[in-house]
Amino acid sequence: MRRSHDVPKILLAMILASTRQIASFVSPTRKSIIASHHPYPKKAWWVSNGPTDESSRSSSTTVLSLSPIQSIQNSLGFQREQFHKAQSDGFGTRARNAAINATVGDILVPLCSSLEMRQQLANRGVYAGVEYEICTLQLASHHHKENGETETVQTLQGLDLEAKQGVIAMIKPAYPLRDHLERDDWPVEVQLLEDVPFWLSKATYEAGTAMGTLALSSSFLVVATIIAFFVRFVAVPTPSMVPALNPGNIILVTRTIPPLWKPHLGDVVFFDAPSELDLAVQQFVTDQNAAASAAIASPTTTTTTTEVASSTKGKQFLKRVVAVPGESVGVKQSNPYVQLSDNTYRFDVIGPYVRPEVFPASSWNRPATTVLRKKEYFVAGDNGYRSVDSRVWGPLQQKYIVGTAQWVLWPLNNFGPVPPGQISEVIKPTK
């Protein structure tokens, strides 16, 4: 049996791809930094999130002269400083309104939970979740200078709460927006504390975005791990389970976890090759080699060989459960059966093996004297003509069972639950 597809690696690749997508779309209003018309000079990727002051905007030659490790260390150091700053500003419900102590040049992010207010602000050019740079700060009209001019300040720090009321700020986006959001009248005017319910500092907003992205990615990873553990996709390579499962079918297998989930009568189980199967195959190979040697020694003797893998270690198989622990099982004319009472039997009609002579005669005919012990199952292929199963190598121990086949996923014309087998009860007439 072919091993199942490598689900964990596939899911991990999908998670990494989705994480990159999340990171690139956390601000749906931001224009892509790789657009050819982006007005800012490109930076090396490892410092793309670093400081934006003029001193850091050195020539590309200076940036690229740093080794990648040094640049990454510098970027991580900057991010650590930003995180500590965000921590001082508070997270979640403890976050403080950054506009209270706003300073010209600060980058703030407006937040608003009311959809109606969000629309009103958007009409004025204030988009929730977009980073804005404060260009100027003007105190309210009752704080005019002696000459009647409006008083302009560089920061609100140190002012009393009354002085901060009605402060007018001129703001503009800190980065280019998408074309349908751009305006010709930047910067726009807004009453900093009255018009917008809450402002976050850039450090707090980016830290929150990063933590949210990490949490979402972690949840994807947890879900992927659970799926990878409980679910497998298996391709059927041989006709041993025809007509229920055909070669090339892709089936969904769920993991068996005793005692929560264990196989039942009629289930198709997916299992690792038991040691008993490998012993039976090794005995067959030995017998075939002995027969071949005898044929060489006696040219008048003709023998026919059958190709069987020399080892089943590392392989996995699909078979149907035809008897469960506690039942007495036997084989009659190649068909497994269970004696339920003195005159009631349960047969699984699967037919004889293609080469019955290559295995002991007891594999195809024996009385129902074998009582399955705890955690033992008798399994057989639906197509007995092409199946080497418990008829040959005996009961399957539960420790080898990986899971239970549930659904046929491919091809689509076979989509649905795994079909039942040919198990039926027979009542023997009494004299």
Side-chain angles (χ1 to χ4, degrees), residues 1 236-245 263-288 305-313 315-340 344-373 375-401 404-405 418-426:
M1 180 70 208
V236 182
T238 68
S240 66
M241 287 299 297
V242 171
L245 300 174
H264 298 87
L265 178 67
D267 284 350
V268 174
V269 293
F270 179 61
F271 60 94
D272 295 318
S275 57
E276 293 83 358
L277 172 57
D278 200 58
L279 289 174
V281 171
Q282 292 294 341
Q283 183 61 47
F284 166 77
V285 172
T286 300
D287 293 343
Q288 287 290 94
T305 60
T306 303
E307 293 185 2
V308 176
S310 60
S311 177
T312 59
K313 290 182 180 179
K315 297 184 179 180
Q316 295 171 307
F317 299 86
L318 286 163
K319 304 294 178 187
R320 191 179 300 277
V321 175
V322 297
V324 296
E327 294 186 325
S328 299
V329 61
V331 182
K332 185 173 183 179
Q333 296 179 357
S334 299
N335 298 312
Y337 74 96
V338 174
Q339 186 169 356
L340 302 175
T344 305
Y345 301 85
R346 186 177 66 232
F347 275 88
D348 183 21
V349 183
I350 60 176
Y353 185 58
V354 59
R355 293 291 308 280
E357 70 276 6
V358 301
F359 292 109
S362 59
S363 300
W364 321 119
N365 282 284
R366 60 178 181 266
T369 55
T370 301
V371 179
L372 297 178
R373 294 176 295 181
K375 299 182 180 180
E376 286 187 343
Y377 298 86
F378 196 97
V379 297
D382 287 357
N383 182 13
Y385 187 76
R386 297 293 300 272
S387 177
V388 177
D389 44 46
S390 289
R391 297 174 297 175
V392 174
W393 43 264
L396 173 67
Q397 297 182 40
Q398 184 173 284
K399 65 180 180 180
Y400 294 109
I401 299 176
T404 304
V418 173
Q422 303 108 343
I423 300 176
S424 58
E425 290 189 7
V426 176

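All heavy atoms count here, side chains included; hydrogens, waters and symmetry mates do not. Everything numeric here is computed off the predicted structure, so don't read it as measured data.
Across all non-hydrogen atoms, the minimal contact from Trp393 to Val388 is NE1-O, 3.4 Å. Residues Ser387 and Gly381 share a closest heavy-atom pair of OG-N, 3.2 Å. For the residue pair Val392 and Ser363, the shortest heavy atom distance occurs at CA-OG, 3.7 Å. When all heavy atoms of Leu277 and Ala273 are compared, the closest pair comes out as CD2-CB, 4.3 Å. Residue Pro395 comes nearest to Ser390 through the heavy atom pair CA-OG, 4.1 Å, listed as atom of the first residue, atom of the second, then distance.
More than 12 heavy atoms of other residues, nucleotides or ligands lie within 6.0 Å of CZ in Phe347, so this atom counts as buried by the packing criterion. Around atom CZ of Arg366, more than 12 heavy atoms belonging to other residues, nucleotides or ligands sit under 6.0 Å away.
Here the straight-line distance linking atom CG of Leu265 with atom CD of Glu327 works out to 6.5 Å at 0.5 Å rounding. With rounding to the nearest 0.5 Å, the separation of OG in Ser328 from OH in Tyr345 is 11.0 Å. Note that CZ of Arg355 and CZ of Arg386 are 12.5 Å apart. Values are rounded to the nearest 0.5 Å. The distance from atom CD1 of Ile350 to atom OH of Tyr385, rounded to the nearest 0.5 Å, is 14.0 Å. Taking OG1 of Thr370 as the reference point, atom CZ of Phe378 lies at 8.0 Å (rounded to 0.5 Å). For the atom pair Phe317 CZ and Leu396 CG, the distance stands at 11.0 Å (nearest 0.5 Å).
At least one donor-acceptor pair under 3.5 Å links the side chain of Tyr337 to the backbone N or O of Ala368. Looking only at distances, no side-chain donor or acceptor of Arg391 sits under 3.5 Å from a matching main-chain atom of Tyr353. A distance-only check finds no donor-acceptor pair linking the side chain of Asn383 to the backbone of Met241 [under 3.5 Å]. Between the side chain of Asn365 and the backbone N or O of Lys332 there is no donor-acceptor pair closer than 3.5 Å.
Between Gln422 and Pro243, the closest side-chain pair of non-hydrogen atoms falls below 4.5 Å. Between His264 and Val324 the shortest side-chain heavy-atom distance does not fall below 4.5 Å. When side chains are defined from C-beta on, Tyr400 counts as touching Ser275, because their heavy atoms get closer than 4.5 Å. Residues Val329 and Tyr377 form no side-chain contact, since every pair of their non-hydrogen atoms from C-beta on lies 4.5 Å or further apart.
Just one residue in the list Gln397, Lys399, Gln398 forms a side chain to side chain contact (heavy atoms under 4.5 Å, CB included) with Lys375, and that residue is Gln398. For the side chain to side chain donor-acceptor pair (under 3.5 Å) test with Arg320, the passing option among Asp348, Asp389, Asp382 is Asp382; the others fail.
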Residues Val322, Val338; criterion side chain to side chain contact (heavy atoms under 4.5 Å, CB included); working and verdict: CA-CA 8 Å; Val322 297; Val338 174; over 6 Å; no

